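Source: prediction; values computed, not measured. Both backbone and side-chain heavy atoms feed into the values below; hydrogens, waters and symmetry mates do not.
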Amino acid sequence: MNKLAFFTSVLLVAFISLFFSCHKSNVAISVEKELLFSLEYGNFEENINLFSLSNPGQVLTDISMKDGFYYISNGESKKVLELNSYGDLLSLYYNADFNPKPSFASENQTTQNQTSTRKAIPYQFNEARIVASDSRKYLYVVDLLPIERQELEEETKTLLSQIVLRFDNNGNFVDYIGQQGPGGTPFPYIRNIHVSEDNELVVVCQTNTGITVYWFNEAGYLLYTIPFSITALPNPLQDQTDLETFVSLENIIPSYSDRTLFVKLDYYTTTIDTATNVQSGIDYTTTLLYPLNVETGVYGQPLTIPPYEDVVTDGFTKLVYPVSYDFLGVTNSGWLFFMVGDSTGYSILMIQADGYKIIKRHIDINHEDYLYHTFDLSAEGILSGLFAEDNKVNVYRWRTDSLVDVIIQG
């Protein structure tokens with residue numbers, strides 16, 4: 001081999017090594033997926049009914065994990081299942097008009113609560129759409145009121161149709177929570193419910209003008225009502241550009257440890273065609289996460305959330321499009337979790353509340369394998385997911401909490 005050929009081959013090897021090392025550095029490490037248990041489709045106590053997947057409309061099945069116990073609300077069959085991490089059914093809350101009597105149900109419900117390791121609790125759910133639990137093992141279930149009990153708010157033309165049911169740790173129905181507390185006016189559409197470490201319930205509702213958050217104490221009495229109108233959101237971009245800017249209120253999630261709301265805002269800016277000098281579109285610009293002190297109503301300094309970079313290649317052309325992450329939740333240690341779907345699963349972004357530490361990871365999922373899925377982030381930072389296949393539902397777990405623990409201990 002002559003000197004020129006040798007030198008050329010060395011350069012080629014070096015280029016290939018550099019290319020693959022750079023390529024590898026841009027790929028987030030995958031978090032291992034752990035299958036916890038599966039549930040078959042059907043109408044019996046340990047089954048899930050998702051047959052409405054073949055029909056258009058919202059799926060009414062949700063999952064929540066608290067202290068290692070999993071709660072699955074199955075609105076299609078008007079029931080809620082409590083299971084351990086092995087998939088053993090511990091409690092079943094069910095509408096007896098739509099479900100057969102569980103095989104372990106006792107004729108004497110009081111005796112059953114005292115002696116049985118599994119509880120069967122009949123309740124006339126109309127929907128049972130979202131579920132959560134607190135440290136006392138109280139169960140909270142979002143339910144739909146019958147049409148005759150629904151109300152219409154005349155001023156905003158908002159339908160008030162949902163309530164939050166409360167059950168104690170023995171499965172006894174306590175009361176329902178409305179806007180003012182126990183027995184109050186129904187809520188508008190409930191996007192989600194959260195429970196703090198002090199067992200304070202936070203209800204996040206969608207309205208015609210934005211989002212309204214209701215914050216209740218442990219006894220269920222209203223502490224704060226916080227409305228978020230699209231027209232009154234902070235927009236620092238207005239002072240930084242002459243172009244028209246728009247704000248999108250993506251999500252609001254409460255802190256687990258104090259009375260703070262984290263408000264995620266996505267900002268967009270109009271683009272101008274230089275040739276015609278007219279507006280040609282709207283581009284995503286940035287995402288800011290604002291902490292709002294619920295007690296004072298004052299916003300803190302926002303945290304800039306870096307976008308996910310979606311890379312599109314066409315031949316030798318590579319285009320990078322910034323995409324906003326979805327706000328997933330907040331842990332009890334103050335870590336903020338975000339996620340966005342991609343072609344091979346989901347990219348996960350974990351950020352310390354002060355913004356100094358950022359972890360990027362990936363969970364591998366073949367989207368074509370599943371008909372429906374939903375995620376839950378526990379207070380400890382454990383990511384769980386319910387995934388519906390053709391013939392069963394799988395519940396998976398990703399130990400993203402261990403990644404956070406390494407940073408904290410380090």
Side-chain angles (χ1 to χ4, degrees), residues 36-37 39 45-50 52 58-85 87-95 98-99 102 118-145 161-178 187 189-196 199-205 214 216 220 253-254 256 328-329 372-380 382-388 393 395-397:
L36 295 181
F37 56 87
L39 300 172
E45 58 258 31
E46 296 183 357
N47 294 157
I48 288 291
N49 180 357
L50 284 180
S52 62
Q58 184 182 17
V59 178
L60 304 177
T61 295
D62 185 47
I63 186 171
S64 175
M65 192 274 275
K66 176 73 175 179
D67 298 331
F69 296 97
Y70 283 84
Y71 303 87
I72 298 176
S73 57
N74 185 208
E76 286 76 10
S77 56
K78 306 182 190 301
K79 67 182 180 182
V80 176
L81 298 84
E82 178 193 2
L83 311 102
N84 61 22
S85 59
D88 300 320
L89 182 62
L90 305 178
S91 300
L92 179 68
Y93 302 75
Y94 67 103
N95 186 325
F98 292 85
N99 295 271
R118 296 197 291 179
K119 298 183 177 69
I121 301 103
Y123 185 85
Q124 292 295 110
F125 293 115
N126 292 298
E127 194 172 74
R129 186 173 62 87
I130 302 175
V131 66
S133 180
D134 66 19
S135 62
R136 302 169 296 177
K137 293 204 69 176
Y138 273 45
L139 186 69
Y140 301 81
V141 183
V142 174
D143 202 15
L144 181 71
L145 285 172
S161 60
Q162 295 183 323
I163 55 175
V164 179
L165 308 173
R166 289 201 300 176
F167 299 85
D168 67 17
N169 55 6
N170 286 318
N172 300 309
F173 175 71
V174 178
D175 54 22
Y176 76 82
I177 304 296
F187 294 105
Y189 178 80
I190 298 177
R191 292 178 50 145
N192 211 343
I193 58 174
H194 307 269
V195 184
S196 74
N199 301 323
E200 295 185 342
L201 174 68
V202 181
V203 182
V204 182
C205 295
Y214 301 86
F216 303 90
I253 296 178
Y256 186 74
L328 183 61
Y372 165 78
H373 64 273
T374 183
F375 289 101
D376 172 73
L377 180 72
S378 74
E380 298 77 22
I382 299 174
L383 182 63
S384 302
L386 182 148
F387 286 73
V393 168
V395 173
Y396 296 105
R397 178 174 66 186

### Query
Would you say the side-chain atoms of Asn84 pair up with the backbone N or O of Phe69, donor to acceptor, closer than 3.5 Å?
no

Exercise for review: Examine distances only and state if a side-chain atom of Ser133 and a backbone atom of Leu139 form a donor-acceptor pair shorter than 3.5 Å.
Suggested key: no

Hits for ring-ring contact (aromatic ring centres under 6.0 Å, His included) against Phe187, two or more places apart or cross-chain, chain-then-number order -> Tyr214

NZ (Lys78) and CD (Gln124) are apart, to the nearest 0.5 Å, by 10.0 Å

Sorted by chain and residue number, the ring-ring contact (aromatic ring centres under 6.0 Å, His included) partners of Phe216 (sequence neighbours excluded) come out as none

Here the gap from Phe98 atom CZ to Asn126 atom CG, rounded to the nearest 0.5 Å, amounts to 8.0 Å

In terms of heavy-atom contacts, Asn199 and Ser135 come closest through OD1-OG, 2.8 Å

Looking only at heavy atoms, the pair that brings Ile177 and Gly220 closest together is CD1-O, 3.7 Å

**Request:** Spell out, as yes or no, whether a donor-acceptor pair under 3.5 Å connects the side chain of Asp143 to the backbone of Ile163.
**Result:** no

I want to check something: taking the side chain as every heavy atom from C-beta on, are Leu386 and Tyr372 in contact at a cut-off of under 4.5 Å? yes

By ring-ring contact (aromatic ring centres under 6.0 Å, His included), Tyr123 pairs with (sequence neighbours left out) Phe125, Phe167, Phe173

Close side-chain approach of Ser73 and Val80, heavy atoms under 4.5 Å: yes

d(Arg191 CZ, Gln162 CD) to nearest 0.5 Å is 12.5 Å

Between Ile130 and Ile190 the two heavy atoms that sit nearest each other are CD1-O, 3.8 Å

Checking Asn74, Asn95, Ile72 against Lys79 for side-chain contact (heavy atoms from CB on, under 4.5 Å), the one that qualifies is Asn74

CG (Leu60) and CD (Glu127) are apart, to the nearest 0.5 Å, by 5.0 Å

Apply side chain to side chain contact (heavy atoms under 4.5 Å, CB included) to the pair Ile48 and Leu81, showing each step before the final yes or no. CA-CA 9 Å; Ile48 288 291; Leu81 298 84; 4.0 Å; yes

Output for pair (Asp175 CG, Asp168 CG), nearest 0.5 Å, gives 10.5 Å

Find out whether Leu36 and Leu83 are in side-chain contact, i.e. whether some heavy atom of one side chain is under 4.5 Å from a heavy atom of the other. no

Is there a side-chain contact between Ser196 and Val202 in this structure, where contact means two heavy atoms from C-beta onward sitting under 4.5 Å apart? no

For Ser85, the side chain to side chain donor-acceptor pair (under 3.5 Å) test, sequence neighbours excluded, returns none

Heavy-atom nearest pair, Gly171 first then Ile121, reads O-CG2, 3.2 Å

Scanning both residues in full, the closest heavy-atom pair of Thr374 with Thr61 reads CG2-O, 4.1 Å

The side-chain contact (heavy atoms from CB on, under 4.5 Å) partners of Asp376 (sequence neighbours excluded) come to Ile63, Ser64, Met65

Problem - Any Arg129 side-chain heavy atom under 4.5 Å of Leu144 side chain - result: no

When rounded to the nearest 0.5 Å, the distance separating OH of Tyr138 from CG of Asn172 is 9.0 Å

Per salt bridge (Lys or Arg N to Asp or Glu O under 4.0 Å), Arg118 is matched among Glu45, Glu46, Glu82 by Glu46

Using the benzene-type ring in the case of Trp, are the ring centres of Tyr396 and Phe375 under 6.0 Å apart? no

Residues at least two apart in sequence or cross-chain that pass ring-ring contact (aromatic ring centres under 6.0 Å, His included) with Tyr256, listed by chain then number, are none

Given the options Asp134, Val174, Val141, Arg166 meets side-chain contact (heavy atoms from CB on, under 4.5 Å) only with Val174

Taking every heavy atom of Val195 against every heavy atom of Ala132, the minimum-distance pair comes out as CG2-CB, 4.2 Å

